[in-house]
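Working notes for the structure below.
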Amino acid sequence: MTETNTTAKRITISQASAFTGQRVEIPGWLYNIRKSGKIVFPILRDGTGLMQCVAVKSNLPEEVFESLKHLTQESSLIVTGTIRAEARAAGGFEMDVEGAQIIQRVSEEDPYPITPKEHGTEFLMDRRHLWLRSQRQHAIIRVRHEIIKSCRDYFDNNGFTLVDTPIFTPSACEGTTTLFECNYFDDEKAYLTQSGQLYSEANAMAFGKVYCFGPTFRAEKSKTRRHLTEFWMVEPEMAWADLEEIKRVAEEFVIYVVGRVLDKRREELKVLERDTAKLELVQSPFIRMSYTDAVKNLQEHGSTIEWGSDFGGGDETILTQQFDRPMLVDRFPTAIKAFYMQPDYDHPEVALGVDVLAPEGYGEIIGGGQRIHDPELLLRRIEEHKLPKEAFDWYIDLRKYGTVPHGGFGMGIERAVAWICGLEHIRETIPFPRMLYRLRP
RNA sequence: UCCUCAGUAGCUCAAUGGUAGAGCAUUCGGCUGUUAACCGAAGGGUUGUAGGUUCGAAUCCUACCUGAGGAGCCA
């Protein structure tokens, strides 16, 4: 342990280029170290980047050199030194070390488990709290941040008001089989929300154009690379909007989000080895196809799908791999859609719903559509779906007091992150994924 | 819930029914420009659990546990 010079300015690694030739101190963690006799190269990590340091035995007090030489991975320390442009270093800059204060040396009895080598999924998932320190996870989480911020910016810039909806709900949105149940004092049951939509409809009647953004929960026993039990969803809802307007907004929104990531997160996409040429193609117009045409298309390509059933496992892949940009598929059979979905005025056997399918096999990232605004039709559908009318009294009220055509959609953030980052599995898209069989850490 | 595959050193993996091994990690030694550095040495194992077959089981059989991939359902 040695004192660091208090006159050196404290900076982050991301700021280093602006301090070339200056003496600074950087607090961080030891990412890796390479030794070559009387010169050692500790690589420092501080959350903003990596900095190769150069510690030369002849330029340092004996105890400082020895403490650096025997430092263990993820030990915390503050290094002081001079920043220098260096083509041989990974980031283009490195630090000539003049002093180092070791805050904690990680014990060799119990070394940091995640080495710069290969690890299996289970090992990493059990250590998700540590895995987040790695470069790849940084890139993904930063892209996620950009996606979330651009979702908010898009709606904020287009006349939407953020009106958040409750997490605890008294009843189901679409049946109770996929809801997490919990006790809400005494004997009452509450459920974790699986969508803010019904409340957003109330908010849209109050504010015109609204969106909510928060976590949603599905107790589905789905064990696939596309499912989480807790995931984030952004859900815009618009009064006076018909299906065509909803499709227009969904397309414009997706183009904006992808464009923002391409604009601001090139470095991260490079770390992830994402083929950005595929993302550059996300431009208007998206492919537009009705459900009925999609079924015909699928049958011609060998699918066993029949009109009236939902897309099966490979169907979305067969569909999307024919095109290089997202698809808008609309007018699904009314029978397989939620009770609130507005039937087509001329062909009531199909509903005015729309899904956005991402290309490259990523499939559905957005689902939405126009909601029923006619009070009698809504009551009839509630009965047909055998839903408890009392639970929907407030929802029915929205059709009694100045009902108007309206609708919106929801985008699953993690699926969007997986697509834009080009990830194999959704588990890496959220800091602490919650899945069937995975609640910890 | 169903189907398929896999559990061997801290990690990633070898080992055809016959003495349980390598690379990385850790410790020690060497090296003044390394890029997942390299070279040398050391320590590290009840082969997921329980039972069975066999002279002999990491290997074959049965059950269970854990994980992965997929199906159904969905964003």
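Residue numbers start from 1 in every chain, and the chains themselves are labelled A, B, ... in the order their sequence lines are given, proteins ahead of strands.
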Whether R265(A) and E146(A) form a salt bridge (side-chain N of Lys/Arg under 4.0 Å from carboxylate O of Asp/Glu) is what I want to check. yes
Annotated protein contacts, base or backbone, on nucleotides 1-12 of chain B with a non-hydrogen cut-off under 4.0 Å, one of B, S, - each: B---------SS
One thing to verify: whether E428(A) and R136(A) come together as a salt bridge, which I'm taking to mean a side-chain N less than 4.0 angstrom from a carboxylate O. yes
Say we look at rU66(B) and rG23(B): how far apart would their C1' atoms be, to the nearest angstrom? 26 Å
Using a 4.0 Å heavy-atom cut-off across all strands, classify D110(A) as base, sugar-phosphate, or nothing. nothing
Aromatic plane relationship, F339(A) with F392(A) - under 30° parallel, 30 to 60° tilted, over 60° perpendicular: perpendicular
Just by distance, with hydrogens left out, do S284(A) and E251(A) show a side-chain donor and acceptor under 3.5 Å apart? yes
Below 4.0 angstrom, N of the basic side chain to O of the carboxylate: do R438(A) and D126(A) qualify? yes
Quote, to the nearest angstrom, the C1' distance that separates rU59(B) from rU16(B). 9 Å
So if I take residues 130-157 of chain A and measure heavy-atom distances to RNA chain B, which residues fall below 4.0 Å? none
Reading RNA chain B 5' to 3', how would its secondary structure be written in dot-bracket notation, given Watson-Crick and G-U pairs with both distances under 3.5 Å, brackets [ ] for crossing pairs and | for partners on other strands? (((((((..((((....[..)))).(((((.......))))).....(((((..]....))))))))))))....
Could you work out the separation of rG17(B) and rC55(B) based on their C1' atoms and round it to a whole Å? 12 Å
What is the nucleic acid contact for K57(A), judged by heavy atoms within less than 4.0 Å: base, sugar-phosphate only, or nothing? nothing
For the base of rU34(B), is there a side-chain donor-acceptor partner from Q52(A) under 3.5 Å away? yes
Please classify the nucleic acid contact of N32(A) as base, sugar-phosphate, or nothing, using heavy-atom distances under 4.0 Å. sugar-phosphate
Any salt bridge between E237(A) and K209(A), counting N to O under 4.0 Å? no
When all nucleic acid strands are considered with a 4.0 Å heavy-atom cut-off, which category describes E94(A): base, sugar-phosphate, or nothing? base
When you match I43(A) and E109(A) each to their closest nucleotide on RNA chain B, which lands nearer the 5' end? E109(A)
Touch class at under 4.0 angstrom, heavy-atom based, for L228(A) against every strand present: base
Span that lies between the C1' atom of rG45(B) and that of rG10(B), in whole angstrom: 12 Å
Just say parallel, tilted or perpendicular for the rings of F160(A) and F155(A), cut-offs at 30° and 60°. perpendicular
Side chain S58(A) and base rU32(B) donor-acceptor under 3.5 Å: yes
Would you say Y211(A) and D156(A) are linked by a side-chain donor-acceptor pair, where the criterion is simply a distance under 3.5 Å? yes
Whole-Å C1' distance, rA9(B) and rA42(B): 15 Å
What distance, rounded to whole Å, do you find between the two C1' atoms, one in rA20(B) and one in rU34(B)? 36 Å
Is any NZ, NE, NH1 or NH2 atom of the basic residue among R144(A) and E414(A) found under 4.0 Å from an Asp or Glu carboxylate oxygen of the other? yes
If the plane angle is over 60° it's perpendicular, under 30° parallel, otherwise tilted; pick one for F217(A) and F180(A). perpendicular
